[in-house]
Amino acid sequence: MATRAAVAAPHVLRRFFCSNSASSTFPFVPTPPAGAVPTPARPTAEPNTNLFVSGLSKRTTTEKLREEFSKFGEVVYARVVADRVSGYSKGFGFVQYATIEDAAKGIEGMDGKFLDGWVIFAEYARPRPPPAHLNNNSPPFGRQ
DNA sequence: GGTGAGCGC
C-alpha cells in the first residue's frame, strides 16, 4: 500500500517566521555617544592652502578647474583626480592657492556653485602623507 | 561605460 502522505502545508510554517518579537529591549546599547565626541569622522580639515573640490562633472578638466578658481585668488596648483589607466575623471579635484586667505576666498566663491552643470563643493583638503620620493623604489608593502 | 560619495601617484 503506497499511501502518499500529504506534505505539510508550507503556509503553516509561516507563523514561525512571522513571530518577530525582536522589539524587546536588548541589554546591549548600540549607542556609544555618552557625551561629546572628541574625534568626529570628517568635520573638514583645518584651514590651509589646499582645497578639496568635489561634485565635479566627469567632463571637468584640470585647466577648467584652475581657470574657475583663479578668479578668486592665485592658484599655484590645481588638478582633477582621474584614473591613471582609463583617464576618466573621478569627479573631484584639488586646488592650491598661494595663501590661505586666497583659499578662503576660493571656497566662499566656488563652494556650492555650478560648474559644467554640477554643483561643486570646495573645502579645505586634508593633510596627506608625504610622497616619500627619497627613494626611487617605494613599495607599498615592506618585506618582513 | 562613465555610476555621484569622496581626499591626489
Side-chain angles (χ1 to χ4, degrees), chain A residues 5-144:
Chain A
V7 293
H11 66 275
V12 180
L13 298 177
R14 290 181 182 175
R15 294 179 181 176
F16 292 95
F17 295 96
C18 291
S19 59
N20 51 353
S21 60
S23 301
S24 301
T25 56
F26 290 95
F28 301 94
V29 180
T31 53
V37 280
T39 55
R42 291 195 301 239
T44 59
E46 61 183 6
N48 57 83
T49 56
N50 269 354
L51 262 59
F52 173 72
V53 184
S54 60
L56 293 177
S57 176
K58 303 298 181 181
R59 296 169 294 277
T60 303
T61 179
T62 297
E63 58 183 2
K64 184 61 180 296
L65 186 66
R66 168 177 282 185
E67 181 180 2
E68 293 297 326
F69 277 81
S70 295
K71 297 187 296 183
F72 300 95
E74 182 180 1
V75 177
V76 296
Y77 180 78
R79 160 175 273 191
V80 173
V81 179
D83 185 74
R84 187 171 57 91
V85 180
S86 62
Y88 275 86
S89 175
K90 291 183 180 179
F92 66 91
F94 294 90
V95 176
Q96 184 178 18
Y97 282 96
T99 59
I100 299 177
E101 60 183 359
D102 286 341
K105 292 186 295 182
I107 294 177
E108 294 296 329
M110 291 301 298
D111 182 61
K113 299 301 175 59
F114 283 89
L115 184 58
D116 290 340
W118 287 80
V119 180
I120 66 175
F121 297 96
E123 57 184 352
Y124 296 106
R126 302 174 185 170
R128 71 148 196 269
H133 54 83
L134 298 177
N135 188 1
N136 190 1
N137 294 331
S138 59
F141 296 96
R143 293 180 181 175
Q144 293 177 349

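Computed from a predicted structure; not experimentally measured.
Between A/Leu56 and the choices A/Thr61, A/Val80, A/Val81, A/Val119, the side-chain contact (heavy atoms from CB on, under 4.5 Å) rule is met once, by A/Val80.
Closest approach of A/Thr62 to A/Ala78, counting heavy atoms only: CG2-O, 2.9 Å. Minimum heavy-atom separation, A/Lys113 to A/Glu108: NZ-O, 4.3 Å.
A distance cut-off of 5.5 Å between ring centres, combined with a plane angle under 30°, places A/Phe94 in a stacking arrangement with the base of B/dG8.
Between A/Phe52 and A/Tyr124, the distance separating the two ring centers is not shorter than 6.0 angstrom.
Checking A/Ser57 against A/Arg84, the closest nucleotide of DNA chain B that is more toward the 5' end is the one next to A/Ser57. Position along DNA chain B of the nearest nucleotide to A/Lys90 versus A/Arg79 favours A/Lys90 as the more 5'-ward residue.
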Please enumerate all protein N or O atoms sitting under 3.5 Å from an N or O of nucleotides 1-3 of chain B, with distances to 0.1 Å.
unit_1: B/dG2; atom_1: N7; unit_2: A/Tyr88; atom_2: OH; d: 3.4

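The nearest whole Å value for the distance from the CZ atom in A/Phe92 to the C1' atom in B/dG8 is 7 Å. One can place CD of A/Glu123 at 14 Å from C1' of B/dG8, the figure rounded to the nearest angstrom. When rounded to the nearest whole Å, the span between CZ of A/Arg128 and P of B/dC9 equals 9 Å. In this structure, the CG atom of A/Asn50 is 20 Å from the P atom of B/dG6, given to the nearest Å.
Here A/Thr62 lies out of heavy-atom contact (under 4.0 Å) with every strand. Note on A/Gly93: nothing from the nucleic acid sits closer than 4.0 angstrom, heavy atoms only. Base contact: A/Leu56 has a heavy atom under 4.0 Å from a base atom. A/Tyr124 comes within 4.0 angstrom of a base, heavy atoms only. Note on A/Gln96: nothing from the nucleic acid sits closer than 4.0 angstrom, heavy atoms only.
Judged by distance alone, with hydrogens and angles left aside, the side-chain atoms of A/Tyr97 form no donor-acceptor pair with the main-chain N or O of A/Phe72 at under 3.5 Å.
Every pair passing side chain to side chain donor-acceptor pair (under 3.5 Å) that includes a residue from residues 114-123 of chain A is listed here, sequence neighbours excluded: A/Thr60-A/Asp116, A/Lys64-A/Asp116.
In this view, A/Thr99 and A/Asp102 satisfy the side-chain hydrogen bond (donor to acceptor under 3.5 Å, both in side chains) rule, not counting sequence neighbours.
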